[in-house]
Amino acid sequence: MSSLLPLFAALPLILSAVTAILPKLWMRATMGIAVPALSSLAAFWVMFYVTDNGPVGHGVGAFPGGISIPFLADTFSMLMLGVAAAVVAIGNWFAHVAGENTSRFFPSLTLMMLAGMSGAFLTADLFNFFVFMEVMLLPSYGLIAVTGTWHRLAAGRNFVLVNLLTSTVLLIGVALIYGSAGNVNIAMLADMASEGGPGGTGVVALGIVIIALCVKAGLVPAHTWLPRTYPSTSPAVMALFSAVHTKVAVYMLFRIYVVIVGMNPSWHWPIIIIMAISMLVGAFAGLAENTMREVLAYQMVTGMPFILIVLAFTDANDGQGAKAALAAGIFYAIHHMVTVGALILGSGAVEETYGTGTLSRLSGLARRDQTVAWVMAAMSFSIVGFPPFSGVWGKVGIVFASAATGDARSIVAITAIIVASLGSLLAMIRLWRAVFWGRPMQGVDDSVRVPGALVAPSAMLAIVSVAMFVAVGAVTWATTGAADALLNIDGYREATLGGVENAIGGIY
């Protein structure tokens, strides 16, 4: 089992080259959809395996742990990979239906991005995490270019500059950690921050890494690049980015905070303050935007702190409380991938049909395009946190985890959650009223309708959101298992540092 883990990154990379030379569009499109779909299925299969058998690790080239390039699979990493790969497959499906993948290299670039994403979720080494992040980012620049108008290319310039600068800061932080600790293997850095003390060189270096990841996650105050660049890409590319870029950063923030920081309580109030401000800014800033996808971009900004605020309610001395908080955050993460993906693809279907996503140029679509109206209404309820959609369980879990401590942190966090949810509700009502209510559109032929094929990808994700609400027990089982795996630092260390010997000995 463990020796197969590098294939999650290697196979999409190899198949991206194969896809580029395929002569027919339908062949390339099939590869673009099938490869991430199969990656998702394989990730969920491995997730069930490691949930029953514990985490598995592999060192590339059979070098000893701490020297090799380590790959580590546990319930947390495989759950995140499985959901993200599924959204990538559905995003590529939309791209094919909308004609966004007519460029010969579009499917290949998405597979390269999948390879980088897979490696980032699976690596147990900070430097190799940086490498895989770059493998993920480089094709992203290409995706902006091949689907770009001049406006998109201009906005893409900001995306490139911010990510190049942030990647440089990340690399500097990783180099400083290596200089102070002599290693960047996450398992070997366990509890470094709690042992080094707040003034330790290693802790300062770790802070640089965390700042870089917070920028990539789109947290306030370094958030404005996201709503200014994502909506300027094509709808399919924005859906791909929403499932991949910010979630990889969030994943590593979870891993670093639990394993390296050791859930140090001195970080709790800074986390509360930053996440509360990010929630409120993201929730209400969308009220000033003029296009559907700009409004949704701010829902991405407000979603990241909902995921990360649970870290302020974890304590190494309270295992059950930490597990409940982390499980709630992970639940919200996978809900957010599904729901925001559905909203972006739904708005993309409207944009592709009517040639615009500007709120002032759309109206009355609820009468003429009922299917996409139902999808957008349902997923708007989900992002706000209403039943019967996945968002309600995600927010209830976060509120319960926040309330468990019963101190000032709980009051601040729950207040921010309620107010931010109200802001999100107002933003989504404004979008709905502008686009779907009101008088029928003028100057548009009555025969023009959003094709069912364009709505199908977003409808598929909406169905998944409903399924997550109905089958909450199964989803909670997976997210609780992911939280258990995240907290199982001894198992993580053994699998990472002993994975090569174990693989040779036939244990896995």
Side-chain angles (χ1 to χ4, degrees), residues 1-2 4-5 8 39-58 71-87 118 120-124 186-187 190 247-248 250-259 263 306-308 310-311 313-316 318-338 390 393-398 400-401 404 464-465 467-496 499 502 507-508:
M1 169 66 71
S2 63
L4 299 178
L5 294 181
F8 277 99
S39 292
S40 177
L41 292 174
F44 284 123
W45 182 79
V46 175
M47 184 192 79
F48 285 110
Y49 179 87
V50 296
T51 300
D52 293 335
N53 298 278
V56 295
H58 177 74
F71 284 79
L72 188 286
D74 61 10
T75 309
F76 179 40
S77 60
M78 301 318 294
L79 175 62
M80 293 292 286
L81 175 55
V83 176
V87 177
S118 301
F121 278 132
L122 290 173
T123 188
I186 295 173
K247 301 310 183 295
V248 167
V250 164
Y251 164 83
M252 188 50 69
L253 286 170
F254 267 72
R255 186 73 77 182
I256 287 174
Y257 185 74
V258 173
V259 179
M263 297 179 286
F306 271 98
I307 299 168
L308 291 167
V310 299
L311 299 179
F313 298 94
T314 58
D315 192 322
D318 181 12
Q320 288 301 314
K323 181 169 74 172
L326 292 171
I330 295 167
F331 192 113
Y332 200 86
I334 61 175
H335 141 76
H336 200 260
M337 280 191 270
V338 170
S390 55
W393 297 127
K395 289 195 175 179
V396 166
I398 294 171
F400 277 19
V464 172
S465 179
M468 288 175 64
F469 173 84
V470 175
V472 62
V475 181
T476 301
W477 170 84
T479 56
T480 303
D484 268 327
L486 188 55
L487 291 167
N488 184 14
I489 297 174
D490 290 337
Y492 184 86
R493 183 186 290 111
E494 180 182 353
T496 303
N502 288 338
I507 291 179
Y508 297 125

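For this chain, numbers begin at 1 and follow the sequence in order.
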What heavy-atom pair brings V259 and I489 nearest, and what distance separates the two atoms?
-> CA-CD1, 4.1 Å
Which atom names give the shortest non-hydrogen contact between A124 and T496, and what distance separates them?
-> CB-CG2, 3.7 Å
Of all heavy-atom pairs between R255 and L486, which one has the smallest distance, and what is that distance?
-> NH1-CD1, 3.7 Å
Drop me the distance from S118's OG to F71's CZ, to the nearest 0.5 angstrom.
-> 9.5 Å
Measuring from K323:NZ to T480:OG1, what's the distance to the nearest 0.5 Å?
-> 6.5 Å
With a 4.5 Å heavy-atom cut-off, do L487 and M263 have their side chains touching?
-> yes
L81 and S39: CA distance, side-chain angles, deciding distance, side-chain contact (heavy atoms from CB on, under 4.5 Å) verdict = CA-CA 8 Å; L81 175 55; S39 292; 5.9 Å; no
Whether S77 side chain and A73 backbone form a donor-acceptor pair below 3.5 Å | no
The reported gap from CZ in F8 to CZ in F121 (rounded to nearest 0.5 angstrom) is 12.5 Å
Residues in side chain to side chain contact (heavy atoms under 4.5 Å, CB included) with V475, at least two apart?
-> F331, I334, M468, T479
Minimal heavy-atom distance between L326 and A483, with the atoms involved, is CB-CB, 3.8 Å
For T51 and T75, indicate whether the former's side chain and the latter's backbone hold a donor-acceptor pair under 3.5 Å.
-> no
Would you check if P55 and N488 make a side-chain contact, meaning some heavy-atom pair closer than 4.5 Å?
-> yes
With sequence neighbours left out, what residues match A325 under side chain to side chain contact (heavy atoms under 4.5 Å, CB included)?
-> V310, F313, T314, A401
Closest heavy-atom pair, K247 versus M80, reported as atoms and distance to 0.1 Å, is O-CE, 4.1 Å
Taken to the nearest 0.5 Å, the spacing of M78 CE from L72 CG works out to 10.5 Å
State, to 0.1 Å, how close I398 and A328 come at their nearest heavy-atom pair, and which atoms those are.
-> N-CB, 3.7 Å
To the nearest 0.5 Å, what is the distance between CE (M337) and CD1 (I307)?
-> 7.5 Å
In terms of ring plane angle, is the pair F254 and F76 parallel, tilted or perpendicular, where the classes change at 30° and 60°?
-> tilted
Look at the side chain of N53 and the backbone N and O of Y49, then say whether any donor-acceptor pair between them is shorter than 3.5 Å.
-> yes
